[in-house]
Amino acid sequence: EYVVLAAGLVIFFVRSLVWSQATPMIPDELLAYASAQLPTPGAVWTTLATMPTTLDPPLNPFLSFLALRLPLPATLALRIPAMLCFAAMMLSVFVFVRRRLPPTAALLAFALPMTLPVVSFSIQSRPYALWLAASGWALVCWQSAVREGGGTERRRILSLWGLYASLTAAILAHYVGALIFLPLLAGELWRSRKTGRDLPVWLTFAAAAAAIAVYVPFLKASAIYRVH
């Protein structure tokens with residue numbers, strides 16, 4: 001199964017690289033490009049908090065800033081994070097399904113996103129693929145943290161840290177990133193009814209949700225665009 005998985009990733013990256021080279025940047029990507037050309041990460045932060053060129057939380061603009069420093073053509077360099085994140089999302093789907101179903105089902109689930117319109121996010125230097133990856137791995141980490149017989153206490157702790165990091169990344173990727181909390185909260189409420197409250201999981205949710213506070217300066221800066 002892992003050979004097939006690796007082959008699927010190779011096919012995905014080859015297709016994405018060719019597709020990216022043949023697809024010009026859309027207007028939103030050009031705005032992201034303008035932000036990524038700033039000289040320092042501090043300048044990116046200041047611009048986002050004062051006169052933003054993109055209406056995004058800081059995580060994707062910082063990834064774009066770093067990607068543009070790669071020794072690649074600008075269009076391709078800016079899209080590398082999206083390609084990697086989309087691949088990470090597909091891997092998260094594989095892991096999530098494989099824990100419950102046979103390899104064939106997991107491989108089909110892994111390949112499914114490549115056949116859907118959402119695959120276009122893999123060649124856009126926008127935060128959508130990043131949010132998908134963070135959301136996918138949040139689900140995987142939650143699944144791992146709450147599995148019965150899922151391993152040692154150390155593994156559970158690592159899963160909770162992974163859940164925290166993934167949820168925080170989802171929030172910092174997009175202003176609607178917190179939507180990933182909805183299925184997780186629903187699942188955890190169901191578990192609470194059946195097995196009792198799992199306090200470490202709820203505390204992890206609360207700690208990750210605190211990242212929303214980062215929005216404050218950026219939302220104030222973007223308010224000027226609401227009149228248009």
Identify the two heavy atoms, one from [X] and one from [Y], that lie closest to each other, and give their separation to 0.1 Å.
{"X": "Ser35", "Y": "Val44", "result": "O-CG2, 3.8 Å"}
{"X": "Val118", "Y": "Pro113", "result": "CG1-O, 3.9 Å"}
{"X": "Val176", "Y": "Trp131", "result": "O-NE1, 4.2 Å"}

Side-chain donor/acceptor of Ser120 to backbone N/O of Pro117, under 3.5 Å
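Yes.
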Do [X] and [Y] come close enough that some side-chain heavy atom pair is under 4.5 Å?
{"X": "Leu112", "Y": "Val93", "result": "no"}
{"X": "Leu108", "Y": "Val97", "result": "no"}
{"X": "Leu48", "Y": "Pro61", "result": "yes"}
{"X": "Phe205", "Y": "Trp142", "result": "yes"}
{"X": "Val4", "Y": "Phe110", "result": "no"}
{"X": "Leu132", "Y": "Cys85", "result": "no"}

When you check the gap from the basic side-chain N to the acidic O, do Glu1 and Arg98 get nearer than 4.0 Å?
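A salt bridge is present here (some side-chain N lies under 4.0 Å from a carboxylate O).
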Centroid separation under 6.0 Å, is that true for the rings of Phe86 and Phe12?
yes
Test the Arg100-Phe96 pair against the cation-pi criterion, namely NZ or CZ under 6.0 angstrom from the six-membered ring centroid and within 45° of the ring axis.
no
Between Glu188 and Val146, does a side chain to side chain contact (heavy atoms under 4.5 Å, CB included) hold up when you go through it step by step?
CA-CA 9 Å; Glu188 196 56 34; Val146 304; 3.9 Å; yes
With ring-ring contact (aromatic ring centres under 6.0 Å, His included) as the test, would you mind laying out the steps for Trp45 and Phe218 before giving the verdict?
CA-CA 9 Å; Trp45 181 277; Phe218 306 115; 4.9 Å; yes
With under 30° as parallel and over 60° as perpendicular, where do the rings of Tyr128 and His174 fit, or are they tilted in between?
tilted
Check the pair Leu167 / Leu184 against side chain to side chain contact (heavy atoms under 4.5 Å, CB included), numbers first and verdict last.
CA-CA 10 Å; Leu167 289 174; Leu184 291 171; 3.6 Å; yes
If you count the non-hydrogen atoms of other residues, nucleotides and ligands that lie under 6.0 Å from CH2 in Trp161, is the total more than 12?
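Atom CH2 in Trp161 is not crowded, with 12 or fewer foreign heavy atoms closer than 6.0 Å.
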To the nearest 0.5 Å, what is the distance between OG on Ser144 and CZ on Arg99?
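Rounded to the nearest 0.5 Å, the OG-CZ separation comes to 4.5 Å.
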What's the spacing between Asp28 CG and Thr53 OG1 if we round to 0.5 Å?
10.5 Å
Option from Arg147, Arg156, Arg193 for which salt bridge (Lys or Arg N to Asp or Glu O under 4.0 Å) with Asp198 holds
Arg156
Hydrogens and angles aside, do Ser20 and Arg79 bring a side-chain donor and acceptor to less than 3.5 Å of each other?
yes
